[in-house]
*Asks:* 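After the C-alpha cells below, expect a handful of questions from me.
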Amino acid sequence: MDFSAMSYALETIDKLTQEVTSLWGVDEQVEGLASELRWMQSFLKVADASKVDHEVIRTTVVEIRELAYDAEDVIETFSLKVASKRKGGFSNCIKRSACFLKEGCLLHQIKSEIEKITARIKVLTRQLKTYDVSKLGVDGEGPSCSTERREARRPYPHVMDDNIVGLGKDIKKLVPVLLDEQSECRVVSICGMGGLGKTTLAKKIYSQSQVVGHFKHLAWAYVSQNCQKRKVWEDILSDFNLLSTEADKEMKVEKLAEKLSSFLEENKCLVVLDDIWNTESWDSLKPAFLVRETRSKILLTSRNKEIVSHADSKGFLHELQYLNYKQSWVLFQKIAFPPTNSPRYKIDAKMKELGEDMVKHCAGLPLAISILGGLLATKYPSLTEWLKISANVKSYMKNDKGEVLRDVLALSYDDLPPYLRPCFLYLSHFPEDYEILADRLIQLWVAEGIVSSKQEGDEGQIAEDVAEGYLLELAERCMIQVRKRDIATLKIRSFQMHDLMRDFCLSKAKQQKFLYIADQSNACPLSTIGRVRRVSAHKFIWIQCIKSPRLRSLLFFDKFLPGEEIESFIPLTVSNHFENHEYGSYHPLVLLLYVFGFCVIVTKWRGIWKYMFNNFNFLRVLDFERGGEGGFKLPNDIGKLIHLRFLRLRGLEFFLSSKLPSSLGNLRCLQTLDLRIESQWSDSIHVPNVLWRMQQLRHLYLPEECDRKTKLKLGSLRNLQTLVNFNTKNCYVKDLINMTNIRELEIRGPFNIEDFNTKELDKNPPIIQSKYLHSVSIINEEEIDPRHLAHLLLSCENISKLSLDVKIRRLPEYHYLSSNLAYIKLRRCKLEEDPMPTLEKVPCLRILQLHEEAFIGKEMFCSGQAVAKLKSLSLKELNFLEEWKVSEGAMPCLRRLEIENCRQLKKLPDGLRFIATLKELKIEKMPKTFKDKVEEGGEDF
C-alpha cells in the first residue's frame, strides 16, 4: 500500500509543530488532524502486513491519500502565507498590523479547511473500525486466493516442458560450476524477472545426466513468496528418503534442520530452492545449510539478485537473458502452429507475417510468447481470428488468456515492501520504451515526498541516498532493466522497463488512481475528472483540458507547443489557397497571414501560461521534458506556484526577452531548479539575484551562459548537492565554501580566485569544504590559471571523477589530485608535457580518456609502474602524437583500448603484447597503414 502521502503529510505537520509560536490559532486543529492520520496509517500498515487486498482497503487507500494531500496543502499554505510572516522586530509588527484583517481571514479559512478534512477522516475511521482486518479476504475470494495462485504456478522437477528454446548456453555455463569440487562456491543463483524461464532452466540442469551422475542425492523444494521453513526442509528430506515414519514428520523444527545439515555434510547432494523471494526467506532457511566443509551444492532461482551474495559471499550469480528475435520466433512456432509431422501442418504466408509481427510485442519474454502462442493455437487455422488478435495484441494479452502472466507480475508487485510500491508506481509516468535517467527520477521521488526526508540519516545518508537504494532494489528484483551505469561508481545512470512490466505498472497505477496519462485521444475525459493529482502528458494536450485545482505534478513529454499544432491554427481553406497560388514573400496577403498567425500563436502561448499559473496553485512538480517555443518570455505569474519542489525549464525557448522574472524568488520550497533555457533575443540569459531565498534547494542547473549583469549570491544554499554551470563571472567563488553538502560541481566559463596569493599558495583559504563532493567538471573556451586549478583540486579530497575541458598547458602535480580518482577525462587541455608520469601515480584510476588535443606533444610513455588498476584507455584526436611507448608491466589490468583519429601515430606500442587482460581493441579513423598493421596477418596483430 502507498503510505507515502500520509507520511509526507505527517512530516509537514511535524515540521510545523516544532515551531510552536507559528501554530497560534490552528494548534488544536492541526493536532487533531495529525492524530487521525496516524491512526489511519497504523490501520493500513496492519492490513498490509496481513496481505489484505480487499476492495474496502483499496478504496480507503485512495480516499486517505487524497485527504493526506489536502492536509499537506492546507498546512503548507498556512506555513508559507501566515507562519513565515510571524517574525519578531518592530518593523515586522508594523507590517503585520497593516495586514491583520487579511491574515485573520486567511487563518479562519485554513482552520475551517483543517476541520473539514479531519471530519472526513473521522468518517472513514468509523467505517474501518467496523471491519476486522484479519477476516478480510481478497475481493470475496477468501484469504487463500494468493496461496492458490502460487500453488497454480508451482513447478515439479519431473514435469519437463517440451517448448524450451535458447537455454543451451546457460546450461553449458552452469553445469561446470555445479560440478567443480575445487571451487569454494557453494550457492549458485539463477536470477531474472518473472516469466523469464528460471525454473525451466533449473529443471533442465536438475535432469542433466552429468548432474545426476555426479551428485549422490538430489532434492527440489519450492520456496515461494510465503516461505515456510518446515515445509521446505521436509520436502528436501523426503526427496532424500529421510522422512519415512510419522514420528519423523512430527520432529521438532530444530531437529529437522540438524538432520538435514548433517546429511548435506556427509553426502554429495544438490538442493534446488526454487522461487526464493528475499534475504529474509534465506535467513529462515539457512540453519540447515550452514555447513562449509561439504561437497554439496545449492541451486537457487530468484527475482532478487542480492540473495546469492547474502547466502554465499563466494556464490555464483547467473542472470538469465531475454530471448533474441530468432529464438522467440522458434518458441512461438512450437506453440502456435501444429507439429511439423501433423497432417494439419500448414503455415499460411499471411499468418506467418502476422505471427512474426506479434512476437515482437513479447520482447523476448518466454512466458509472454507462450501465452500469445497458446491463444493463437486455439484460433488456428482461422486467418480471420488471427487478424482480430493481431489488431490489438496487447489487449488480448490482458484478457483471461493472459492470467498467468498477470499473476507472475502481480506476485512481483505484491512482494514489494510498502516503501517501494509508490516508487514502482511512479515509473508509470514515463512513456513506453523510455530511457529513464536515474538522477531525474530520484529528484522527482524526493520532490513528491515518495522518499521522505524522515528516512535521512547520519553519515551523509540523505533522501537521495535512500532513493538510490530503492532504485537499486527495484533493479535487483528485476523490475527494471539497467541500461547505463556510472563509469566511475557503477551506480545506475539510466534504465528502462520491460513493456509487459510497464503495462502492469500502468494498470496498477490506474487502479489506485495514482496518476492520469494524457494525450490528444483522452484529453476530453480529463476535463471531467476533478480529483486528478498527477498528470503525465505523453503527447501535446491543451492545458485548459485539465480541471483539477489540486493538481500536484505535471510532466510534459512533448514540446510546449509542437509545430504541427501551430500549423493547425491556419484554416485549411486559407492553406489550400496559398498552396494553389504563388505569391512573393512581401505580398500583402502573405504579410497579413504572417501577422494573423503570429497573433494567434501569441494568444495561445499566453493562454497556456496564464491558465497553468492561475489554476494549479498546489503544483509540486512542473517538468518540461522536450522544451520547445514558450512565447515572448517566462511570465511573472510563475511566482504564484509557491508549493513547487521541482521546476525543470530546460530547452524552453523564449523570443523577446532573455530575462527570467524576479518572482522566481517566491518559490522558496524548490528543491530542484533547472534554468537551462534558450533565447532567440540573446545568447545569454539574465538570472535575477533571488536564488539565495530558496534555502531548500538541492539541485541547481544555471543557464549555460548568463549575461554580464547577472551576479548571484548562492552562499545561503547550504543544502545544495548539484551545481551546474557555475562560474566566477556570474557567481562568487567564496559561496562554494558554505555548500557543505555539494556532491557534483560543474564549472562552465571563467574560474578566477579573487585576492589569490601566488607566492604562498598554502596561505590561500580552501574553496570547498564538502566531504561528499565526488565529481568535478570544468568547461571553458579560454585558458585557466593552473595555480587556481591546483588550489581548487586540493580542496576536492574525495572526488572520484574529474573532467577538464579547458586549456591549462600543464597538469597539476599528482599530490593535488585526489587519491580516490577512478575516472579522468582531459579534453582541449593542450598539455605540452607527457601527462602519464603524473597520471600513473593516481592509485585508483580505472578509466582514462585523452581527447581532442588533450596532449600536444609527440611522445607518450607508460612506464612499468603506470596505472596499475586502469581498465579502459581512450585516445582520440591527439593530432601531434607520433610515438607511444608501453613498457612491460604497465597497465596490467587494461581491458579496453580505443584509438581514434590520431593521424600521426605510426604503430601500436610493442608493450601491449604483455597485457594479457586486453579484451577489446577499437581502432577508428586511423590511416590505412596503421590499420593494416593491427589486422590479422599484420606485424602488430
*Asks:* Between Gln695 and Ser716, do the side chains contain an N or O donor and an N or O acceptor separated by less than 3.5 Å?
*Replies:*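 Absent: no donor and acceptor within the cut-off.
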*Asks:* Testing Arg648, Arg645, Arg650 for salt bridge (Lys or Arg N to Asp or Glu O under 4.0 Å) with Asp623, which one passes?
*Replies:* Arg648
*Asks:* If you round to the nearest 0.5 Å, how far is CG of Leu773 from CG of Leu736?
*Replies:*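 Interatomic distance, Leu736 CG to Leu773 CG, rounded to 0.5 Å: 9.5 Å.
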*Asks:* We want to know whether Tyr434 and Glu625 form a side-chain donor-acceptor pair, criterion being a heavy-atom distance below 3.5 angstrom.
*Replies:*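 Yes, Glu625 and Tyr434 have a side-chain donor paired with an acceptor closer than 3.5 Å.
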*Asks:* If you compare all heavy atoms of Asn741 against all heavy atoms of Arg718, which two are closest, and at what distance to 0.1 Å?
*Replies:* ND2-O, 3.0 Å
*Asks:* Hey, is CZ on Arg810 packed in by over 12 heavy atoms from elsewhere, all under 6.0 Å?
*Replies:*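 Counting neighbours around CZ of Arg810, 12 or fewer heavy atoms of other residues, nucleotides or ligands fall under 6.0 Å, so no.
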*Asks:* Just wondering, more than 12 heavy atoms not from Lys729 lying within 6.0 Å of its NZ?
*Replies:*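 Above 12, so yes.
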*Asks:* How about Arg895: does its CZ atom have over 12 heavy atoms from other parts shown lying under 6.0 Å from it?
*Replies:* no
*Asks:* How many angstroms lie between atom CD1 of Ile778 and atom CG of Asn727, to the nearest 0.5 angstrom?
*Replies:* 12.0 Å
*Asks:* Mind checking whether Phe880 and Phe855 have ring centres under 6.0 Å apart?
*Replies:* no
*Asks:* Counting only heavy atoms not in Glu920 (residues, nucleotides, ligands), do more than 12 fall under 6.0 Å from its CD?
*Replies:* yes
*Asks:* Is a side-chain donor-acceptor pair under 3.5 Å present for Tyr823 with Gln849?
*Replies:* yes
*Asks:* Salt bridge check, Arg676 against Asp674: does any charged N sit closer than 4.0 Å to a carboxylate O?
*Replies:* yes
*Asks:* Between Ile768 and Cys796, is a side-chain contact (heavy atoms from CB on, under 4.5 Å) present by the stated rule, with each step listed?
*Replies:* CA-CA 7 Å; Ile768 294 170; Cys796 306; 4.1 Å; yes
*Asks:* Donor-acceptor check, side chain of Arg896 to backbone of Lys922, threshold 3.5 angstrom: yes or no?
*Replies:* no
*Asks:* How far apart are the closest heavy atoms of Leu712 and Asn689, and which atoms are they?
*Replies:* CA-OD1, 3.6 Å
*Asks:* First locate atom NZ of Lys734, then atom OG1 of Thr728, and finally report the distance between them rounded to the nearest 0.5 Å.
*Replies:* 13.5 Å
*Asks:* Is it true that Lys858 and Glu883 make a salt bridge, defined as a side-chain N closer than 4.0 Å to a carboxylate O?
*Replies:* no
*Asks:* Distance from Asn820 atom CG to Glu797 atom CD, nearest 0.5 Å?
*Replies:* 9.5 Å
*Asks:* Test salt bridge (Lys or Arg N to Asp or Glu O under 4.0 Å) on Asp834 and Lys885; report intermediate values, then the result.
*Replies:* CA-CA 12 Å; Asp834 183 0; Lys885 296 179 181 179; over 6 Å; no
*Asks:* Would you check if the side chain of Glu754 reaches a backbone N or O of Asn752 as a donor-acceptor pair within less than 3.5 Å?
*Replies:* no
*Asks:* If you apply the rule side-chain contact (heavy atoms from CB on, under 4.5 Å), what do you find for Leu675 with Ile685, and how did you get there?
*Replies:* CA-CA 9 Å; Leu675 298 175; Ile685 306 296; over 6 Å; no
*Asks:* Using distance alone, with no hydrogens and no angle criterion, decide if Arg698 and Gln696 have a side-chain donor and acceptor under 3.5 Å apart.
*Replies:*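 Not at all, the side chains of Arg698 and Gln696 share no donor-acceptor pair under 3.5 Å.
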*Asks:* Of Glu877, Glu853, Glu852, which is the lone residue that meets salt bridge (Lys or Arg N to Asp or Glu O under 4.0 Å) with Arg827?
*Replies:*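 Result for salt bridge (Lys or Arg N to Asp or Glu O under 4.0 Å) with Arg827: Glu852.
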*Asks:* Does this structure show an ion pair linking Lys713 with Asp735, if we count only N-O contacts that are shorter than 4.0 Å?
*Replies:*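 No salt bridge links Lys713 with Asp735.
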*Asks:* Knowing that exactly one of Asp785, Ile767, Val806 qualifies, which makes a side-chain contact (heavy atoms from CB on, under 4.5 Å) with Phe751?
*Replies:*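 It is Ile767, the one option of Asp785, Ile767, Val806 that forms the side-chain contact (heavy atoms from CB on, under 4.5 Å) with Phe751.
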*Asks:* Quick one: does any side-chain atom of Ser770 pair with a main-chain N or O of Thr740 as donor and acceptor, under 3.5 Å?
*Replies:*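 Checking the backbone N and O of Thr740 against the side chain of Ser770, a donor-acceptor pair under 3.5 Å is found.
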*Asks:* When you measure from the side chain of Asn798 to the backbone N and O of Ser818, does any donor-acceptor pair fall under 3.5 Å?
*Replies:* no
*Asks:* In sequence, state the C-alpha distance, the side-chain angles, and the governing distance for Glu435 and Arg483, and then conclude on salt bridge (Lys or Arg N to Asp or Glu O under 4.0 Å).
*Replies:* CA-CA 8 Å; Glu435 188 167 344; Arg483 286 287 171 259; over 6 Å; no
*Asks:* Closer than 3.5 angstrom, by distance alone: can the side chain of Thr917 be matched with the main-chain N or O of Pro892 as a donor-acceptor pair?
*Replies:*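 Side chain of Thr917 to backbone of Pro892: a pair is present.
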*Asks:* For atom NZ of Lys711, decide whether the heavy atoms of other residues, nucleotides or ligands shown that lie under 6.0 angstrom number more than 12.
*Replies:* yes
*Asks:* I'd like to know whether CD of Glu783 has more than 12 heavy-atom contacts from other residues, nucleotides or ligands below 6.0 angstrom.
*Replies:*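 Enclosed: over 12 neighbouring heavy atoms sit under 6.0 Å from CD of Glu783.
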*Asks:* List the atom of Met836, the atom of Phe861, and the distance in Å for their closest heavy-atom pair.
*Replies:* CB-O, 3.3 Å
*Asks:* Indicate whether any N or O donor in one side chain lies under 3.5 Å from an N or O acceptor in the other, for Ser863 and Glu840.
*Replies:* yes
*Asks:* Do we see a donor-acceptor contact under 3.5 Å between the side chains of His851 and Ser874?
*Replies:* yes
*Asks:* Hey, what's the ring geometry for Phe556 with Phe624, parallel, tilted or perpendicular (30° and 60° as the breaks)?
*Replies:* parallel
*Asks:* Would you give the length of the straight line joining atom CG of Leu875 to atom CH2 of Trp884, rounded to the nearest 0.5 angstrom?
*Replies:* 5.0 Å
*Asks:* How about Tyr814: does its OH atom have over 12 heavy atoms from other parts shown lying under 6.0 Å from it?
*Replies:*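 Counting neighbours around OH of Tyr814, 12 or fewer heavy atoms of other residues, nucleotides or ligands fall under 6.0 Å, so no.
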*Asks:* Under a plain distance cut-off of 3.5 Å, with no hydrogens placed, do Thr710 and His686 share a side-chain donor-acceptor pair?
*Replies:*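 Yes.
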*Asks:* Whether the side chain of Thr489 engages the backbone of Asp486 through a donor-acceptor N/O pair (distance < 3.5 Å, no angle test) should be reported.
*Replies:*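 Flag not set: sc Thr489 to bb Asp486 has no pair under 3.5 Å.
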*Asks:* Does the side chain of Glu464 come under 3.5 Å of the side chain of His699 through a donor N or O and an acceptor N or O?
*Replies:*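 Result is yes, a qualifying pair exists.
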*Asks:* Can you tell me how far apart OG (Ser872) and CD1 (Ile487) are? Round to the nearest 0.5 Å.
*Replies:*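 Here the rounded value is 8.0 Å.
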*Asks:* Is it the case that over 12 heavy atoms from other parts of the model lie below 6.0 angstrom from the CZ atom of Arg493?
*Replies:* no
